[in-house]
Number of protein chains: 2
Amino acid sequence: MISALRHLSPRGSEAALKRFGALADLTATEIALVRAAAEEVEIAPAGTEIQREGEPVRRPRLILSGWACRQRVLADGRRQIFGFVVAGDLIGLSLLPSPRGAADLPAPGATLAITSLVTCDATGLRQAALDGDQAHAGIARALSEAVRRERDHLLDHVVRLGRLTAYERIGDLLLELYARLSAVGLAGGGEFPMPLTQELLADSLGLSVVHLNRVLQQYRRAGLLTIRSGRVTLLKPEAVVVAAGRSPSNAVA
Amino acid sequence: MISALRHLSPRGSEAALKRFGALADLTATEIALVRAAAEEVEIAPAGTEIQREGEPVRRPRLILSGWACRQRVLADGRRQIFGFVVAGDLIGLSLLPSPRGAADLPAPGATLAITSLVTCDATGLRQAALDGDQAHAGIARALSEAVRRERDHLLDHVVRLGRLTAYERIGDLLLELYARLSAVGLAGGGEFPMPLTQELLADSLGLSVVHLNRVLQQYRRAGLLTIRSGRVTLLKPEAVVVAAGRSPSNAVA
DNA sequence: CGTCTCGTTGAGCTAAGTCAAGGTAGGTGG
DNA sequence: CCACCTACCTTGACTTAGCTCAACGAGACG
């Protein structure tokens, strides 16, 4: 199931590495450490279940390129997606101490590769962060920051699902993705790649595919944005911010 | 705002301490450490905002008795509650390394005392967990476990909001509360105290108060449970499990 | 004996879901 | 090159879960 090929010399992972470094100031030594970790990559084809729910958590990995999502599937087939993972994000990372005991716990959700996914092992980075060595303080800060952001995204998602309308939810999620992809250099000028099917978006936003489609039409007809051939174009980003019901101050976050 | 009285010799906190100890096996020394931390308590009256959103995170605290909730309020007044906190739970705890930098970050949500809330400072416990001393391994495991459970509850909440019907959401939340309170000895025989108003429940479950009320009627009329004078009674717990759409295996979790 | 908070109920409305039928584009095999 | 999948998107018609507005009841409290 985790059919993975191993390669050397990854391509196209520069952005992810740069973004990881942007989480905190890193020393030259630390940067070298990160690059070394990214030397040996694993490629998972689209559709692969990187992590199965309930099975022991795998070692932490840094995404170098591609998209994944964390999800849970109910007994009757209903699915809820917790969030999406893009280049520069980490999966399976917990900065809890106690190396033993903390691992081998059942995963609270599955992780699914949406596109072909290139990752590298982040176990070394995690250990560097936890060894208390002052020389690795930057790595520690970067990983803390990554964990913190993941948690914040989850809280945002709870608000979306609980208290935003379908129209607001969509705008809000697209703005989050735009901001996150911009940080990795994968978005700019209001555009970004969008490999997510409407089914994935619907299962993330707690909507039916049909309704999601109709609400997207509203955005399209209002001239606020378009989604075509795997790309999102925010034609009027400020208007989308308003549509999402965000306060202007919260806009860029 | 954080009008807090300081007392010694807390009363009624035994259950919370016992439950904290149940998160992991603790040595006698560790138990003494926890008891020492619980010597000096802070009492926040109901309605107090223990932690304001956006303000620097306060030092971690262990709840000895009372209820609180973590929430976010939107610009137009809509509110989303992320979850409830009861005796034995921790608030403001992050086990990230880097003592500096990790603190002073803006809180991603507010924490509100629902009832009068008795807490004690958990900074010492946190430090004991992070100092790497083998003598504190139990504390470290207990805190990791607490963080892990909090995250799992949040994921459950996302599923509730995104993919469960109102009827299922209510049953599911009540079952979670029942399980958690049972662990502290505050619930048993299908009964537990319920200081939450219908407004709090509604803002947690992403429903309107009116609709929440009506769905509660359904449960009541079906003879599955009652909520009266601050107490929930699960008359047919197994039937509630079914109503919540949980698989039997997942029932007790 | 007002007033306040909380719970309850009715009436009517709307956001969102379901069911069902096409449409489009890329991919594969004859 | 065409014929045929298959996965995904789109649209229409209809149903329903959940919301809003509004009124009222009951207990708590000064």
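Labels below follow one simple rule: chain letters A, B, ... track the order of the sequence lines, proteins then strands, and each chain is numbered from 1. Because the structure is a prediction, the values reported are computed rather than measured.
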S.K.: Identify whether the distance between the nearest side-chain nitrogen and carboxylate oxygen of Arg59(A) and Glu42(A) falls below 4.0 Å.
M.R.: no
S.K.: Grab the two heavy atoms, one from Asp152(B) and one from Pro108(A), that are nearest each other, plus how far apart they are.
M.R.: OD1-CB, 3.4 Å
S.K.: Please determine if Asp89(A) and Arg149(A) form a salt bridge, counting it only when a charged side-chain N lies under 4.0 Å from a carboxylate O.
M.R.: no
S.K.: Could you pull out all residues at least two apart from Arg160(B) that satisfy side chain to side chain donor-acceptor pair (under 3.5 Å)?
M.R.: His157(B), Asp172(B), Glu176(B)
S.K.: Let me check something: any side-chain donor-acceptor pairs from residues 216-229 of chain A under 3.5 Å, sequence neighbours excluded? List them with distances.
M.R.:
unit_1: Gln217(A); atom_1: NE2; unit_2: Asn213(A); atom_2: OD1; d: 3.0
unit_1: Tyr219(A); atom_1: OH; unit_2: Tyr167(A); atom_2: O; d: 2.7
unit_1: Tyr219(A); atom_1: OH; unit_2: Gly171(A); atom_2: N; d: 3.4

S.K.: Anything under 4.0 Å to a heavy atom of chain A counts; send over the first and last such nucleotide of DNA chain C, read 5' to 3'.
M.R.: dA16(C) to dC19(C)
S.K.: For Thr165(A), check side chain to side chain donor-acceptor pair (under 3.5 Å) against everything at least two apart and list the hits.
M.R.: Glu168(A)
S.K.: Grab the two heavy atoms, one from Leu186(B) and one from Ala87(B), that are nearest each other, plus how far apart they are.
M.R.: CD1-CB, 4.2 Å
S.K.: Mind running a 4.0 Å heavy-atom check of residues 211-218 of chain B against DNA chain C and sending the residues that fall below it, in number order?
M.R.: Asn213(B), Arg214(B), Gln217(B)
S.K.: Under 4.0 Å between a side-chain nitrogen and a carboxylate oxygen: does that hold for Arg151(A) and Glu150(B)?
M.R.: no
S.K.: Counting C-beta onward and ignoring hydrogens, is there a side-chain heavy-atom pair between Leu175(B) and Leu173(B) closer than 4.5 Å?
M.R.: no
S.K.: Base, sugar-phosphate, or nothing for Ser208(A), non-hydrogen atoms under 4.0 angstrom?
M.R.: base
S.K.: Rounding to 10°, can you tell me the angle the first-five-pair axis of the helix from dC1(C)-dG30(D) to dG30(C)-dC1(D) makes with its last-five-pair axis?
M.R.: 30°
S.K.: Name all residues meeting the salt bridge (charged side-chain N to carboxylate O under 4.0 Å, His left out) criterion together with Arg72(A); count only those two or more places apart in sequence or in a different chain, and write none if there are none.
M.R.: Glu53(A), Asp156(B)
S.K.: For residues 231-243 of chain B, please give each side-chain donor-acceptor pair under 3.5 Å, one per line with the distance, not counting sequence neighbours.
M.R.:
unit_1: Arg231(B); atom_1: NE; unit_2: Glu191(B); atom_2: OE1; d: 2.9

S.K.: Which pairs pass ring-ring contact (aromatic ring centres under 6.0 Å, His included) with one or both residues in residues 73-92 of chain B, sequence neighbours excluded?
M.R.: none
S.K.: Heavy atoms under 4.0 Å, any strand shown: does Val209(A) hit a base, just sugar-phosphate, or nothing?
M.R.: nothing
S.K.: Using a cut-off of strictly less than 4.0 Å between a heavy atom of the residue and any atom of DNA chain C, enumerate the qualifying residues of residues 219-229 of chain A by number.
M.R.: none
S.K.: Give every residue pair that meets the ring-ring contact (aromatic ring centres under 6.0 Å, His included) criterion with at least one member in residues 174-217 of chain A, sequence neighbours excluded.
M.R.: Tyr178(A)-Phe192(A)
S.K.: For DNA chain D, whose closest nucleotide is more 5', that of Glu199(A) or that of Arg163(A)?
M.R.: Glu199(A)
S.K.: Might you point out which heavy atoms bring Asp121(A) and Pro60(A) nearest each other, and give the distance in Å?
M.R.: OD1-O, 3.4 Å
S.K.: So what does Gly230(A) touch, heavy atoms closer than 4.0 Å: a base, only the sugar-phosphate, or nothing?
M.R.: nothing
S.K.: Looking at dA7(D), I'd like to know if its phosphate oxygens (OP1 or OP2) sit under 4.0 Å from a side-chain N or O belonging to Gln198(A).
M.R.: no
S.K.: If I take atom CG in residue Leu161(B) and atom P in nucleotide dA17(D), what distance separates them, rounded to the nearest angstrom?
M.R.: 19 Å
S.K.: Over all heavy atoms of both residues, which pair between Thr111(A) and Arg70(A) is shortest? Give the atoms and the distance, please.
M.R.: OG1-CG, 3.8 Å
S.K.: In plain terms, say whether Asp203(A) and Arg163(B) are close enough for a salt bridge, that is, a side-chain N and a carboxylate O under 4.0 Å apart.
M.R.: yes
S.K.: Which letter, B, S or -, goes with each nucleotide of nucleotides 24-29 of chain D from 5' to 3', with contact meaning a protein heavy atom under 4.0 Å?
M.R.: ------
